[in-house]
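Report on the structure given below.
Remember, it's 1-based here, ligands and their atoms both numbered in the order they're listed.
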Amino acid sequence: MTSALQQLLLPAECLLCHALLAERDAGRIVCPVCRHRWRPVRPPWCERCGQPEPHFGPCRLCAGWPAALALVRSAVWLADGAREAVHALKYAGLPRIAEDLADAMVGLLPAPGSPSQSPPLLVPIPLAPKRLRERGYNQSEALARALSRRCSIPMADVLVRSRETATQTALTPATRLANVAGAFRPGHRPGLNLPATSLVLVDDVFTTGATLAEAARALEQAGARTIYGITFGRAVIPDFT
Ligand SMILES: [Zn+2]
Ligand SMILES: [Zn+2]
């Protein structure tokens, strides 16, 4: 469906609070008031994984991550309407909401570094083929595409799912790791020099980081040396805060 047609069919009201959208926000799904209610994830945090600092000892969330996964950040806590927004992106057939979510993520992109730094590439976390068929689109790709338009960093499907995995939602942190083990492999990208490219993995939600770590592991094995991860939401896990 074209976005013009979608706009005709969808009521011009905020998905979350149902307030009528101002004319300048007509292309939006979520109104500015609701977007401002999303609570940014802020320091103090673990410099590497962006999780709030543990009370003592080193961070155990990112201790086992592959070395190439240098930095992971999330835009907002998965609460205060942000959860509903992600739900709409994933389950309500509203890929256009990715535009609203991407606005909150722009500040997470790695700053353009020294001239010696490798050019970055946005890499969406791929969806299992079965889920892609059911949903009709990959929500991480919708986010990466919206981000790519905002920051002029190209997007590429560098990763593919090598097998189906059970949905992570109902799993504990330990079983999440086992669930995604070996789930990804690098796709065939002729001409792409992985060691000389900074890869920015894009996903909708960070819970334990198991998915990002596994995706980074596959890319590292294929030669990638610098990998970042950014997500819109970060779930609160009591064990780790
Ligand atoms: Zn609203
Ligand atoms: Zn950490």
Side-chain angles (χ1 to χ4, degrees), residues 6-7 10-89 91-92 94-105 108 110 146 168 172-174 176-177 180 199-201 203 205-217 220 226-241:
Q6 266 181 328
Q7 243 156 358
L10 290 169
E13 63 174 42
C14 170
L15 175 84
L16 301 179
C17 71
H18 305 292
L20 284 178
L21 290 169
E23 204 168 319
R24 66 173 184 282
D25 294 320
R28 300 259 183 202
I29 302 282
V30 181
C31 78
V33 177
C34 285
R35 275 182 282 130
H36 281 123
R37 285 183 57 227
W38 295 342
R39 195 157 48 91
V41 181
R42 292 217 170 92
W45 53 29
C46 166
E47 282 300 329
R48 188 182 187 199
C49 67
Q51 194 74 357
E53 287 277 11
H55 295 303
F56 54 89
C59 176
R60 48 195 184 102
L61 190 59
C62 60
W65 285 6
L69 186 54
L71 192 86
V72 173
R73 293 289 183 265
S74 308
V76 303
W77 288 108
L78 206 60
D80 308 308
R83 184 183 297 278
E84 288 82 350
V86 169
H87 197 269
L89 173 70
Y91 306 112
L94 277 176
R96 203 155 56 86
I97 201 172
E99 301 292 332
D100 295 350
L101 274 52
D103 277 344
M105 296 170 73
L108 305 178
Q168 295 274 81
T172 62
R176 277 170 183 257
L177 263 178
V180 291
L199 303 172
V200 184
L201 293 167
D203 207 0
V205 171
F206 178 107
T207 303
T208 62
T211 304
L212 287 176
E214 195 55 35
R217 194 164 285 122
E220 189 184 63
T226 313
I227 306 170
Y228 303 96
I230 58 173
T231 73
F232 167 73
R234 184 162 296 225
V236 182
I237 5 169
D239 296 8
F240 285 107
T241 52

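For the pair R48 (side chain) and C62 (backbone), a donor-acceptor distance under 3.5 Å is present.
Rounding to 10 degrees, one finds that the Zn ion (ligand 2) sits at the corner of an angle of 120° between C62 SG and C49 SG. With the Zn ion (ligand 1) as the vertex, SG (C34) and SG (C17) define an angle of 110°, rounded to 10°. Around the Zn ion (ligand 2), the two atoms SG of C59 and SG of C46 are separated by an angle of 110°, to 10 degrees.
The existence of a salt bridge linking R35 and D80 is excluded, since no basic side-chain nitrogen approaches an acidic carboxylate oxygen closer than 4.0 Å. Under the 4.0 Å criterion applied to side-chain N and carboxylate O atoms, R217 and E214 are assigned as salt-bridge partners.
Ring-centre distance between W38 and F232: below the 6.0 Å cut-off.
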